[in-house]
J.: 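Structure incoming, see below.
Fair warning: this is a prediction, and the values are worked out from it, not measured in the lab. Chain A is the first sequence line, chain B the second, and so forth, proteins listed ahead of strands; every chain is numbered from 1.
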Amino acid sequence: MKQEKATVVEHHNFQGDYRILRLAAPAVGPLVKPGQFLELRVPRLDDRILRRPFSIYKADAEGASILYKTVGRGTEAMVSLQVGDEVDIIGPLGNGFPELTKGKVPVLVAGGYGNAALYLKAKESPVKGIAFFGGRTAQDILCIEEFQVLGWDVRPATDDGSLGTKGLVTASFDPWMAEQENVQSLELFVCGPNPMLKAMGDRAIEHGFTAWLSMDKNMACGVGACLTCVIKRKTTDGWEWARCCKDGPVFESREILWEE
Amino acid sequence: MKQEKATVVEHHNFQGDYRILRLAAPAVGPLVKPGQFLELRVPRLDDRILRRPFSIYKADAEGASILYKTVGRGTEAMVSLQVGDEVDIIGPLGNGFPELTKGKVPVLVAGGYGNAALYLKAKESPVKGIAFFGGRTAQDILCIEEFQVLGWDVRPATDDGSLGTKGLVTASFDPWMAEQENVQSLELFVCGPNPMLKAMGDRAIEHGFTAWLSMDKNMACGVGACLTCVIKRKTTDGWEWARCCKDGPVFESREILWEE
Amino acid sequence: MSVALEIKIGSMEMKNPVTVASGTFGYGPEYADLVDLNRLGAITVKGIGPEEHVGNATPRTFETRGGMLNAIGLPGPGAKGFIEKYVPFLAPYDVPVIVNIWGKGMEDYGKVVEMLDAEDTVSAYEINLSCPNVKEGGSAFGTDTDSFSRVIELVRGKTQKPIIPKLAPNVSDIGAFAKAAEDGGADAISIMNSYPAMAINIETLEPELANRTGGLSGPAIKPIAIKLVWDVAKATKLPIIGMGGIYEPEDAIEFMVAGASAVAVGTANFTDPSTAIRVIDGIESYLVEKGHSSVANIVGTVKA
Amino acid sequence: MSVALEIKIGSMEMKNPVTVASGTFGYGPEYADLVDLNRLGAITVKGIGPEEHVGNATPRTFETRGGMLNAIGLPGPGAKGFIEKYVPFLAPYDVPVIVNIWGKGMEDYGKVVEMLDAEDTVSAYEINLSCPNVKEGGSAFGTDTDSFSRVIELVRGKTQKPIIPKLAPNVSDIGAFAKAAEDGGADAISIMNSYPAMAINIETLEPELANRTGGLSGPAIKPIAIKLVWDVAKATKLPIIGMGGIYEPEDAIEFMVAGASAVAVGTANFTDPSTAIRVIDGIESYLVEKGHSSVANIVGTVKA
Ligand SMILES: Cc1cc2nc3c(=O)[nH]c(=O)nc-3n(C[C@H](O)[C@H](O)[C@H](O)COP(=O)(O)OP(=O)(O)OC[C@H]3O[C@@H](n4cnc5c(N)ncnc54)[C@H](O)[C@@H]3O)c2cc1C
Ligand SMILES: Cc1cc2nc3c(=O)[nH]c(=O)nc-3n(C[C@H](O)[C@H](O)[C@H](O)COP(=O)(O)OP(=O)(O)OC[C@H]3O[C@@H](n4cnc5c(N)ncnc54)[C@H](O)[C@@H]3O)c2cc1C
Ligand SMILES: Cc1cc2nc3c(=O)[nH]c(=O)nc-3n(C[C@H](O)[C@H](O)[C@H](O)COP(=O)(O)O)c2cc1C
Ligand SMILES: Cc1cc2nc3c(=O)[nH]c(=O)nc-3n(C[C@H](O)[C@H](O)[C@H](O)COP(=O)(O)O)c2cc1C
Ligand code: FES
Ligand code: FES
């Protein structure tokens with residue numbers, strides 16, 4: 001984990017409301033493992049004091065990039081970032097995804113910016129499997145070609161049917177899962193909105209496969225100090241708080257005690 | 001007085017720390033009289049809530065320009081304004097300078113951005129006289145040529161002697177004043193830092209000429225509502241508060257009860 | 001669909017729930033060029049005492065992060081001066097005028113009401129019991145329930161018009177003051193005044209305000225104000241005029257959901273004089289969007 | 001020129017006057033990758049009670065203009081857990097550790113001190129009498145001078161180490177609490193905790209925090225904190241640890257000029273973990289520039 005004054009080297013529209021920001025960050029870049037994130041201080045956002053967390057989409061020795069969606073004050077202010085601007089980042093944060101268990105069949109499940117969080121995982125995975133991507137419309141399904149180029153079989157699903165199966169990601173995942181002879185050999189890596197995480201977690205528990213869920217909780221510090229981003233993690237005699245930023249963001253489905 | 005979303009049509013370095021900002025402001029522009037000011041909301045300065053007051057340097061039917069010096073958070077943030085940006089202004093504010101009294105000899109005295117406040121006065125004055133400009137260095141003496149083109153005899157003074165007389169503006173003004181046969185026929189229009197205003201006001205009272213002083217007081221509302229910008233104005237039986245923004249910023253030297 | 005924006009504070013009818021906060025809008029004329037005064041729910045004028053008062057020395061305000069300090073010190077023309085100088089201006093407008101009143105001693109509150117009460121233009125009194133910037137009175141009454149109650153009762157005895165005590169925020173139990181206001185016969189409660197605060201210049205080592213301390217207002221204090229409104233709403237059935245950092249319609253709606261029947265736009269007038277009008281329009285849009293027929297429907301609807 | 005940055009809080013020696021605010025820096029390890037802990041004047045850890053505690057449900061924080069709300073609710077490992085999990089980490093560092101303590105009832109404050117007092121790593125206790133986010137204790141003790149005094153006396157009876165009551169900001173007369181702390185044998189005073197506040201989501205009508213209300217911290221509250229420090233400095237000779245919105249060295253210096261002997265960097269750690277170090281360096285530069293030989297020279301120098 002490092003704090004670094006990174007420099008914008010690329011910034012452009014990706015698709016729909018999504019943009020790609022590439023940062024020269026020689027301190028942070030080389031440390032990144034798949035599924036980690038960074039905390040970015042949005043420049044000129046002086047009346048908002050918190051950093052914004054973003055999954056690391058790509059990383060190498062020179063730096064890292066993120067794929068972000070404009071949803072509020074912070075991300076909207078990020079749109080004005082220009083090549084050459086300085087951006088203060090802290091990263092890489094969190095533990096990221098574990099390595100694929102030997103002999104298991106990797107399955108990626110993602111929604112929205114979750115795709116970005118899985119790209120590095122897809123890349124380093126020794127075995128390429130199937131990727132189920134969900135989104136509202138075709139505009140929300142990101143980087144399909146990139147995953148295909150890496151050798152993944154990508155199965156999109158959109159709420160409005162504008163790309164792939166019509167419906168939630170489960171609409172394409174469930175029929176596929178039903179066809180699997182050895183469901184328990186699946187190992188899922190999931191990143192997306194909470195209902196998607198929950199749906200995949202439920203299936204993992206019901207059908208006895210492993211599902212690594214990257215949890216999306218609002219954060220303040222990003223380093224484990226403030227106890228903002230906690231979720232309930234099961235213990236032998238009940239539950240304890242686990243911090244998504246420090247102890248996560250990735251948890252195995254059986255660890256999580258879902259609330260409400 | 002109007003509130004208007006003006007558009008930046010020109011923005012460039014003028015000299016030293018001074019910059020010129022020209023705004024398309026068809027509502028405000030045509031109303032301007034010499035010595036008035038506007039209150040500008042600095043865009044993207046979200047953690048600072050007050051507008052910044054600036055004298056109107058030039059104005060016409062299409063808009064107005066200001067000449068500003070970067071001195072703090074607000075003016076530094078203004079540097080990033082680009083042609084096409086929208087800027088919310090309120091103006092013209094204050095009463096500005098009165099017209100030259102018939103038969104009097106007009107004398108302009110200014111320091112720093114005070115020159116900007118006097119340009120329109122210099123332009124509309126039916127008689128052109130002498131302009132005493134003071135500043136720390138040559139960099140702080142603004143728009144000499146412009147005043148000369150209008151027909152004014154400009155006499156600069158700089159603290160470091162880099163332009164004109166060495167010393168304060170009084171170093172050039174006083175000897176000149178001593179030579180005048182009819183001091184009482186002088187009518188001064190002064191805009192500059194407080195010590196300059198006070199010095200000229202004292203001379204006006206001592207020698208019996210008229211001096212219109214444009215007072216520089218911190219402001220909040222700019223329209224007379226908050227009572228931030230008050231100075232003491234003499235009354236028959238003592239003094240009362242007068243608001244620089246609404247009742248001023250220009251006061252005749254005899255009206256002012258100087259504090260401390 | 002049309003929505004009813006009207007509300008009543010005691011006998012005072014407001015065409016919408018938005019007024020301006022005392023001291024941030026002068027006496028009316030100051031913003032008349034920029035704001036259509038007739039569109040406001042009410043105009044609340046700068047604090048008026050029984051006599052003319054000079055207020056504090058300058059500097060009187062100072063900008064802070066997300067807010068500002070003020071220590072104006074309640075300068076003003078006094079009740080008589082107000083009637084002479086400003087009532088003729090205000091009278092023709094179709095908008096209720098709330099006069100914010102203050103006093104150095106308890107009797108002053110009675111005096112100023114006596115002097116103003118015959119004026120039809122005066123629709124209601126906001127009793128400033130919370131000015132952080134005058135030594136003599138104001139905040140002393142606002143932080144002690146006994147003298148607080150006595151001021152309310154005194155004023156109540158002098159007028160039939162609505163009286164609206166303005167509570168001090170710097171107390172541990174604001175509910176007690178709300179209750180005291182209700183018991184004393186107040187018609188509504190106004191919350192909050194600016195919060196006692198200070199800034200020091202580290203070059204000169206002098207306070208940034210001549211008065212040394214001042215009151216913090218603006219967006220910075222909004223979350224404090226929301227909490228106080230919610231606390232007061234739990235303690236009393238009286239209508240509440242909520243204020244503190246309202247800049248956007250959403251802020252005003254948040255106050256109303258917390259329990260305020262009306263709101264006041266203060267410091268935001270300095271930033272953007274069109275705020276009050278934008279807030280009125282924004283409340284209306286919100287009500288339409290949510291399918292409410294009346295603004296009263298959203299008051300105190302917080303699920304808490 | 002070299003300047004002395006050292007200060008003492010009771011028997012606790014700090015190499016500079018800058019600590020971190022409880023709850024914003026975890027227990028030490030969390031920021032150890034980013035901040036050279038040995039450079040800090042002290043580490044103040046998150047509130048510790050006698051037992052393990054789960055704290056509040058989520059959401060626990062919410063960002064506001066110029067600040068944030070928190071209602072973490074003092075989750076933590078309890079005194080025993082702290083000793084097991086964090087003391088071994090903290091012990092090797094050359095930096096005093098201030099343990100922020102809290103309790104649901106009065107006796108809890110005594111208990112937690114009894115459990116911690118044998119640990120050499122624990123240098124001092126900051127007594128949290130002002131947590132806005134737990135129903136049981138904390139702020140109830142902080143807004144009533146009687147129970148406040150009793151907690152101080154109880155803790156004083158249990159330890160020779162410095163005790164530093166952390167005052168609640170939401171009182172009308174903070175000086176009375178400062179005086180009570182002094183009379184009770186406290187070694188210093190810490191001011192301020194986050195200010196009781198609230199935010200409501202106008203779409204869901206739910207409070208933004210699960211706990212409904214929380215505490216406001218960050219730049220927004222700095223002017224309130226400066227005023228409270230100044231008030232406390234007038235009421236007592238005890239050293240003050242000032243905090244509330246410190247983001248820049250200038251902010252810290254402002255606190256010291258107002259009367260604080262030391263300062264704590266809180267919310268700013270989230271914005272920029274290098275803040276505390278920048279503040280230490282910036283204080284030193286300021287002292288050099290102004291020709292002071294010791295940081296003590298600027299404490300309480302405000303001309304007011
Ligand atoms: C581990 C992690 C990884 C993420 N990765 C990505 C990514 O790769 N691409 C992407 O576009 N977004 C990602 N997000 C979500 C992203 O952080 C939010 O969209 C962003 O913070 C919104 O900021 P805002 O100011 O535009 O929105 P606002 O709604 O104005 O933000 C207000 C506050 O809420 C917080 N917040 C709002 N939404 C979220 C959210 N979903 N999660 C956490 N905090 C939130 C903000 O940080 C801020 O404190 C990630 C979130 C987490 C926790
Ligand atoms: C009537 C009038 C006319 C002015 N005309 C000009 C002009 O033509 N050109 C120019 O460069 N400057 C002019 N000024 C000064 C200009 O307003 C300040 O330089 C500017 O407000 C500084 O803002 P800042 O955020 O950069 O500085 P900061 O020091 O960060 O500002 C902090 C606060 O102090 C106020 N402030 C600071 N300095 C002054 C000042 N001298 N006068 C009033 N308020 C101040 C700001 O408005 C703000 O509220 C004028 C001031 C007044 C009152
Ligand atoms: C410059 C200024 C002057 C004020 N004068 C008064 C006053 O005379 N009487 C009063 O009750 N409140 C006064 N207030 C307080 C406001 O009416 C309001 O309660 C406070 O500013 C909080 O609202 P805001 O954050 O929207 O400004 C004043 C506030 C400011 C900023
Ligand atoms: C997330 C968070 C958690 C906090 N936890 C504690 C705590 O456990 N004990 C305590 O005394 N204060 C706690 N505080 C208050 C801070 O220590 C500090 O007093 C307050 O935030 C004001 O300082 P700041 O504006 O620099 O943050 C907490 C503050 C925050 C923001
Ligand atoms: S965001 Fe602070 S502990 Fe996770
Ligand atoms: S700045 Fe508000 S009265 Fe002049």
J.: Using heavy-atom distances under 4.5 Å, tell me whether C:Tyr286 contacts chain D through its side chain, its backbone, both, or neither.
T.: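 Contact with chain D is through the side chain of C:Tyr286 alone.
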J.: Hey, what do you get for CD1 (C:Ile202) to CG (D:Asp251), rounding to the nearest 0.5 Å?
T.: 8.5 Å
J.: Distance from D:Leu205 atom CG to C:Lys290 atom NZ, nearest 0.5 Å?
T.: 8.0 Å
J.: Under a 4.5 Å heavy-atom cutoff, which of D:Ala220, D:Pro207, D:Ser172 has the most pairs with chain C?
T.: D:Ser172
J.: Report the option among C:Ala199, C:Pro219, C:Gly66 that has the most heavy-atom pairs separated by less than 4.5 Å from atoms of chain D.
T.: C:Pro219
J.: What residues of residues 255-280 of chain C sit under 4.5 Å from chain D when only non-hydrogen atoms are counted?
T.: C:Val257, C:Ala258
J.: To the nearest 0.5 Å, tell me how far D:Glu208 CD sits from C:Glu254 CD.
T.: 7.5 Å
J.: Which of residues 222-235 of chain C get closer than 4.5 angstrom to chain D, counting heavy atoms alone?
T.: C:Pro223, C:Ile224, C:Ile226, C:Lys227, C:Trp230
J.: Among residues 295-304 of chain C, which residues come closer than 4.5 Å to chain D, judged by heavy atom distances?
T.: C:Thr301, C:Val302, C:Lys303, C:Ala304
J.: Once you round to the nearest 0.5 Å, how far does CG of C:Asp173 lie from CG of D:Asn170?
T.: 10.0 Å
J.: Can you tell which of C:Glu203, C:Met198, C:Glu250, C:Glu289 has the highest number of heavy-atom pairs within less than 4.5 Å of chain D?
T.: C:Met198
J.: How about residues 236-249 of chain C versus chain D: which residues have heavy atoms under 4.5 Å apart?
T.: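 Residues C:Tyr247 are the ones that qualify, each having a heavy atom under 4.5 Å from chain D.
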J.: With only heavy atoms counted, which part of C:Ile253 is less than 4.5 Å from chain D, the side chain, the backbone, both or neither?
T.: both
